[in-house]
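Below, all heavy atoms of this structure are taken into account, side chains as well, without hydrogens, waters or symmetry copies.
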Amino acid sequence: YPSVSLSYLLSQTLKDADALPGFLSYAKFRASYAEVGKDAPPYIGVYYDQPSDFPFGTIDGFSRETTGASNNLEPERTKGLEIGTELKFFKNRFGIDLTLYKQNSENQILAVPVAQTSGFSSFYLNAGEIETKGIEALITATAVKSENFNWDFTLNFSTVESKVLSLPTGIDEIVFADSGFAGVISKLEVGGAVGDLYGYVWERDANGNRIIDSRGLPNILTGPSDRVKVGNAMPDWLASLGTTITYKGLSLSMLVERKQ
């Protein structure tokens with residue numbers, strides 16, 4: 001699994017050339033590429049095992065595992081590219097750390113629910129390729145700085161976006177979460193995103209009005225092809241704002257987080 005990284009300290013170059021602006025304290029640019037692997041959990045696909053409460057006296061017992069796995073299971077492989085910069089201004093009292101990244105995970109290993117009639121409750125398989133990309137930003141600021149008293153702020157913001165590029169041959173979708181009676185499921189399909197939620201919709205007439213049944217309740221379409229995308233369980237962005245007040249050896253910190 002290869003990896004390579006490169007960084008350039010622009011502020012040092014400017015300082016050596018006696019051209020560093022007074023407002024700029026630090027400037028660094030970086031880029032990296034890496035590939036990492038991930039194996040499946042051990043012992044999956046073992047059909048029989050000894051229960052924890054056996055042997056019982058002189059009687060031994062065995063139970064069948066409820067988790068199966070594909071005979072052609074391959075290691076998961078993730079290729080990631082990242083570029084970023086770190087800038088500090090006004091004698092390090094204001095800083096920006098910005099990162100852009102993209103990752104492609106091939107042969108993702110997922111445990112998907114299967115029919116109980118198969119003898120298993122879940123089955124491990126390779127789920128094709130999923131692309132993830134996003135932005136991470138960190139802003140730091142020192143509002144007050146003295147010999148005995150400091151007041152610092154940090155603002156963290158990140159976004160993540162995923163897309164299913166491919167699935168195993170012969171599989172159109174992978175359902176890995178089902179709410180049951182509510183009819184909402186989470187599944188992977190080509191072109192969709194990780195965390196997509198699908199549910200049933202109201203039955204409507206030609207004018208778009210909901211059809212009411214004999215009980216006075218809206219009628220719901222519950223056919224196999226009536227599920228539509230209703231949302232995504234993953235947040236569009238995450239953010240946090242923190243502050244730390246330091247007086248001599250005593251510090252007080254507060255953090256507020258928000259996701260949407």
Side-chain angles (χ1 to χ4, degrees), residues 1-6 29-41 44 69-70 72-85 97-114 122-138 155-180 182-201 221 223-240 257-260:
Y1 299 104
S3 65
V4 61
S5 62
L6 178 68
F29 298 91
R30 62 183 184 271
S32 65
Y33 173 83
E35 296 185 15
V36 296
K38 178 184 177 183
D39 204 356
I44 59 173
S70 169
N72 300 317
L73 200 62
E74 298 180 9
E76 181 179 319
R77 194 181 191 97
T78 299
K79 304 175 182 179
L81 176 65
E82 178 181 303
I83 58 175
T85 182
D97 193 327
L98 179 65
T99 302
L100 288 78
Y101 67 90
K102 188 182 81 164
Q103 294 182 341
N104 285 72
S105 296
E106 302 173 351
N107 296 323
Q108 282 210 333
I109 299 174
L110 293 178
V112 299
V114 294
S122 59
F123 194 81
Y124 279 90
L125 49 73
N126 293 116
E129 182 177 0
I130 298 176
E131 180 181 88
T132 304
K133 55 185 177 181
I135 299 174
E136 295 178 352
L138 174 65
L155 175 64
N156 198 346
F157 179 82
S158 64
T159 65
V160 61
E161 182 180 321
S162 65
K163 184 177 182 180
V164 180
L165 301 181
S166 66
L167 290 176
T169 303
I171 298 179
D172 296 325
E173 61 182 34
I174 297 177
V175 179
F176 57 90
D178 192 335
S179 65
V184 178
I185 63 172
S186 181
K187 67 178 181 178
L188 299 177
E189 63 178 19
V190 175
V194 175
D196 278 349
L197 302 175
Y198 294 80
Y200 297 122
V201 295
L221 296 173
S225 61
D226 290 326
R227 279 196 175 100
V228 299
K229 182 180 175 180
V230 295
N232 189 285
M234 312 298 280
D236 294 327
W237 54 265
L238 300 169
S240 66
E257 295 182 322
R258 172 72 185 273
K259 62 181 178 180
Q260 180 174 316

- Query: Listed by chain and number, what are the side-chain contact (heavy atoms from CB on, under 4.5 Å) partners of L165, not counting sequence neighbours?
  - Reply: N104, E129, E131, K163

- Message: Holding to side-chain contact (heavy atoms from CB on, under 4.5 Å), I want the full list of residues that pass it with A239, two or more places apart in sequence or in another chain.
- Response: F157, W237

Side-chain donor-acceptor pairs under 3.5 Å in residues 188-196, sequence neighbours left out?
residue, atom, partner, partner atom, Å
E189, OE2, Y198, OH, 3.0
D196, OD1, K229, NZ, 3.3
D196, OD1, N232, ND2, 2.7
D196, OD2, A193, N, 2.8

- Contacts of N126 that satisfy side-chain contact (heavy atoms from CB on, under 4.5 Å) - sequence neighbours left out: L73, E74, N107, I109

- Query: How would you list, by chain and number, every residue that makes a side chain to side chain donor-acceptor pair (under 3.5 Å) with T78, sequence neighbours excluded?
  - Reply: S105

- Message: For Y1 versus P75, what's the shortest heavy-atom pair and its separation?
- Response: OH-CB, 4.4 Å

- Item | From S32 atom OG to L81 atom CG, the distance as rounded to the nearest 0.5 Å | 7.0 Å

- Output all residues satisfying salt bridge (charged side-chain N to carboxylate O under 4.0 Å, His left out) with E173, sequence neighbours left out; order by chain, then residue number. K187

- Message: I need the minimum non-hydrogen distance between Q103 and G80, along with the two atoms involved.
- Response: CG-CA, 4.0 Å

- Query: What pairs with Y33 under side chain to side chain donor-acceptor pair (under 3.5 Å), at least two apart in sequence or on another chain?
  - Reply: E35

- Note on the structure: Hits for side chain to side chain donor-acceptor pair (under 3.5 Å) against E136, two or more places apart or cross-chain, chain-then-number order -> none

- Do V160 and M234 come close enough that some side-chain heavy atom pair is under 4.5 Å? no

- What is the distance from atom OH of Y200 to atom CZ of R227, rounded to the nearest 0.5 Å? 3.5 Å

- Task: Sequence neighbours left out, what passes salt bridge (charged side-chain N to carboxylate O under 4.0 Å, His left out) with E76? Give chain and number order.
- Result: none

- Message: Using the side-chain contact (heavy atoms from CB on, under 4.5 Å) criterion, which residues pair with L98? Sequence neighbours excluded.
- Response: T85, L100, I135, A137

- Please identify each residue that fulfils side chain to side chain donor-acceptor pair (under 3.5 Å) with R30, with sequence neighbours left out. D97, T99

